[in-house]
Amino acid sequence: MKKMRLLPDLNSGKKAEAKQEPAPIYLSGNLDEDLTKIRNILGQSSDVIIHKMRIGSHGTIDAGIVYIDGLVEKALIHRDILQPLMFNMQMVEGDNKRKHSDILGFIQSSVLTAADSAPLKDIVGVTDAVLSGNTVIIIDGVNQALDINLKGWENRSLEEPKNELAIRGARLGFNETLRLNTALLRRIIRDPRLTFETLRVGQRSKTDVNIVYIKGLIDDSLIDEIKQRLNRIKTDAILDVGYIEQYIEDNPASLFPQVGSTERPDVTAARILEGRAAILVDGSPFALTVPMLFIEAFQNVDDYYARPFFASFVRWIRLSAFAVSIYLPAAYVALMSFHQELFPTPLLVTVAAAKEGIPFPVVLEALIMIVLFEILREAGLRLPRSLGQAVSIAGTLVIGQAAVSAGLVGAPMVAVLASTAIASFVAPALADLGALLRIIFVILAGFLGMFGIIILSLELISQLAALRSFGVPYLSPAVPPNIRDLKDIFIRAPLWAMKDRPESIGPHDIKRQSDGLKPGSDEANDNRSKKY
């Protein structure tokens, strides 16, 4: 079993100081009293609907339903609750024992047409159910309520993911509805052991968070670790998976992301099938996956839908582009400031002529252009889509040309930064990290030349080698080396050759597929070829 850095128990040694949970307030059985308590907790909000009515064949039983307008489907309330209770309910006359004891069970099993229902005993449970979008029935003389799931708010239709486009893959992405996202995963993984565990995080938002994994495939200690990290989150609200990510990562001081993120159900399903766990948050169209490996930033869903030769070539393109995006400006600054003898003479003459008359040192010139590019990129992202592209493209062309014409920057610097900008878009998962590293590398290159670049590179490599994501080495399977797992790192081996799941992830069931799946001519095909 892999060694994990467990978080400390915040309650150990502080039991005396821990706040005691308030005693639950149970339903009294008095309809007016219970509805008053619920109204006091939910306040006087106009969207909280409390509807009183009489039910039974002769209208002899007082009841009430509580729900929040906008979170339920009103047509379903009328069809599945109001109509059966007020018109179709046939009670045995004079059976007072049934009236005061098992009427709730009778309604649940024989009257209501809604299938998803459960009894509640306390006021807090009722208010939590209502705030979650459920409808609650309370009956006079019964000290229990009935929680019915009739959620029905507006949903955004399923669309193609905006940030993870695929050429041959599926065109569906997650949306903001948790149950719809779990259904998308169910459509892909039809294994009965696929498990969704629900937690509520956020003391005020009480956001539903699902841990998704395949029981028997994933290491149980990983699930325990995820639950422990989620349960220790004591904050007002969880509004997106980005909140969860910042609370559960191993090393928050590191620049590198340690929790995977995707908006594609097929990518999430593939990682779950490798023995990982996914975290879905209600209200967010993204899924987190743990543990995360560094190489994931350079893997794309199309790698597994295309032929392995081209997929391996493209993966090397991504790795090279990321290196170019963080090293090219710093290397240019170092060469121009300290190591001009490394330039070929014709190139040095051309660069020196282009830089003649520039008032700024090359390091300041590079920093100005990098910051200017980041401003244009941010403006293009935040503006409406129709304007964003025009601003980013026109701004880059106009401002770059104007800066060269005014003699503020040299044309070689514009060419270097343009190449860097294009290369940075090849690995969008590390675009934010690349922006910070570019600035740090340029500053060190301006002061120390190539020695500064080498020093920072060694520091980054050592940090990557020491970093872990939920107990799994961040650079695995390259560091520590695992020969069997290298089939999907620097190259993408054929699918029939990847027989095992990544051993570095730590799944219980290593075997992914049977042997002998390599395509080729068998004896029947050989005989057929001889015939023709």
Side-chain angles (χ1 to χ4, degrees), residues 71-73 76 114-118 128-129 131-135 147-164 166 169-202 205-218 220 222-227 229-231 233 238-245 248 259-292 301 470 507:
L71 297 184
V72 299
E73 186 64 51
L76 295 181
D116 190 2
S117 59
D128 285 348
L131 291 172
S132 298
N134 291 354
T135 303
D147 175 20
I148 305 173
N149 185 359
L150 293 177
K151 296 184 178 74
W153 52 73
E154 293 294 329
N155 297 325
R156 178 173 62 88
S157 60
L158 295 176
E159 300 175 351
E160 185 175 2
K162 303 296 184 183
N163 300 319
E164 298 178 70
R171 296 295 189 266
L172 287 180
F174 289 126
N175 75 357
E176 290 76 16
T177 304
L178 177 61
R179 193 50 61 208
L180 186 55
N181 293 340
T182 59
L184 290 174
L185 292 177
R186 279 285 185 196
R187 287 181 57 187
I188 300 174
I189 306 176
R190 302 180 183 181
D191 190 330
R193 293 169 294 180
L194 180 64
T195 305
F196 299 89
E197 288 196 32
T198 301
L199 302 175
R200 281 197 171 175
V201 187
S205 66
K206 296 181 181 178
T207 306
D208 288 330
V209 177
N210 270 19
I211 306 173
V212 191
Y213 60 93
I214 297 179
K215 188 173 294 185
L217 180 61
I218 194 171
D220 293 337
L222 175 59
I223 298 300
D224 294 338
E225 177 74 2
I226 295 172
K227 292 179 182 177
R229 298 191 188 191
L230 290 175
N231 287 327
I233 301 176
I238 296 295
L239 304 180
D240 187 78
V241 293
Y243 283 55
I244 297 289
E245 180 181 358
I248 67 174
V259 179
S261 177
T262 179
E263 55 181 332
R264 298 187 62 92
D266 51 351
V267 173
T268 306
R271 293 176 183 175
I272 291 174
L273 290 169
E274 286 183 342
R276 311 188 204 204
I279 300 174
L280 302 176
V281 176
D282 192 21
S284 175
F286 287 84
L288 301 179
T289 56
V290 292
M292 178 189 179
V301 63
F470 282 79

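Owing to the predicted nature of the structure, the values given are computational and were not obtained by experimental measurement.
- In this structure, R171 contributes its side chain and G169 its backbone to a donor-acceptor pair below 3.5 Å.
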From CA spacing to verdict: side chain to side chain contact (heavy atoms under 4.5 Å, CB included), L158, L180: CA-CA 9 Å; L158 295 176; L180 186 55; 3.8 Å; yes

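- Of all non-hydrogen atoms in P265 and G173, the two that sit nearest each other are CD-CA, 3.8 Å.
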R186 vs L194, side chain to side chain contact (heavy atoms under 4.5 Å, CB included): CA-CA, chis, key distance, verdict: CA-CA 8 Å; R186 279 285 185 196; L194 180 64; 3.7 Å; yes

Evaluation steps, side chain to side chain contact (heavy atoms under 4.5 Å, CB included), between L280 and L185: CA-CA 11 Å; L280 302 176; L185 292 177; 4.0 Å; yes

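- Put simply, the side chain of R271 never gets that close to the backbone of M292: no donor and acceptor are under 3.5 Å apart.
- Under the 3.5 Å distance criterion, the side-chain polar atoms of D240 are matched with a main-chain donor or acceptor of G242.
- Within the 4.5 Å cutoff, the side chain of L76 has no heavy atoms near those of the T135 side chain.
- Within the 4.5 Å cutoff, the side chain of V241 has no heavy atoms near those of the V259 side chain.
- Rounding to the nearest 0.5 Å places CD1 of I244 at 11.5 Å from CD1 of I226.
- Note: L178 CG to T198 OG1 = 7.0 Å, rounded to the nearest 0.5 Å.
- Although no hydrogens or angles enter the test, the distance criterion places no donor-acceptor pair under 3.5 Å between the side chain of R193 and the main chain of Y213.
- For the atom pair I218 CD1 and L273 CG, the distance stands at 11.5 Å (nearest 0.5 Å).
- A pairwise comparison of heavy atoms in A287 and F174 identifies CB-CE1, 3.7 Å as the closest pair.
- Among all heavy-atom pairs drawn from N181 and N175, the shortest one is ND2-O, 2.8 Å.
- When every heavy atom of V72 is checked against every heavy atom of G133, the shortest pair comes out as CG1-O, 3.2 Å.
- In this structure, T262 contributes its side chain and V267 its backbone to no donor-acceptor pair below 3.5 Å.
- Here the CZ atom belonging to R200 is positioned 5.0 Å from the CG atom belonging to D208, to the nearest 0.5 angstrom.
- Considering all non-hydrogen atoms of both residues, T289 and S261 come closest at OG1-N, 4.5 Å.
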Derivation of the side chain to side chain contact (heavy atoms under 4.5 Å, CB included) call for I233 and Y243: CA-CA 10 Å; I233 301 176; Y243 283 55; over 6 Å; no

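- With hydrogens and angles disregarded, no donor-acceptor distance shorter than 3.5 Å links the side chain of E225 to the backbone of F470.
- Between the S132 side chain and the N134 main chain, no donor and acceptor come within less than 3.5 Å of each other.
- Across every non-hydrogen atom of N210 and R179, the tightest pair is ND2-NH1, 3.9 Å.
- Two residues are said to be in side-chain contact when any heavy atoms from C-beta on lie closer than 4.5 Å; E197 and K227 meet this criterion.
- Here the OG1 atom belonging to T177 is positioned 7.0 Å from the CG atom belonging to D282, to the nearest 0.5 angstrom.
- A distance of 8.5 Å separates CD in E164 from CG in D266, rounded to the nearest 0.5 Å.
- With E245 contributing its side chain and L288 its backbone, the two residues share no donor-acceptor pair below 3.5 Å.
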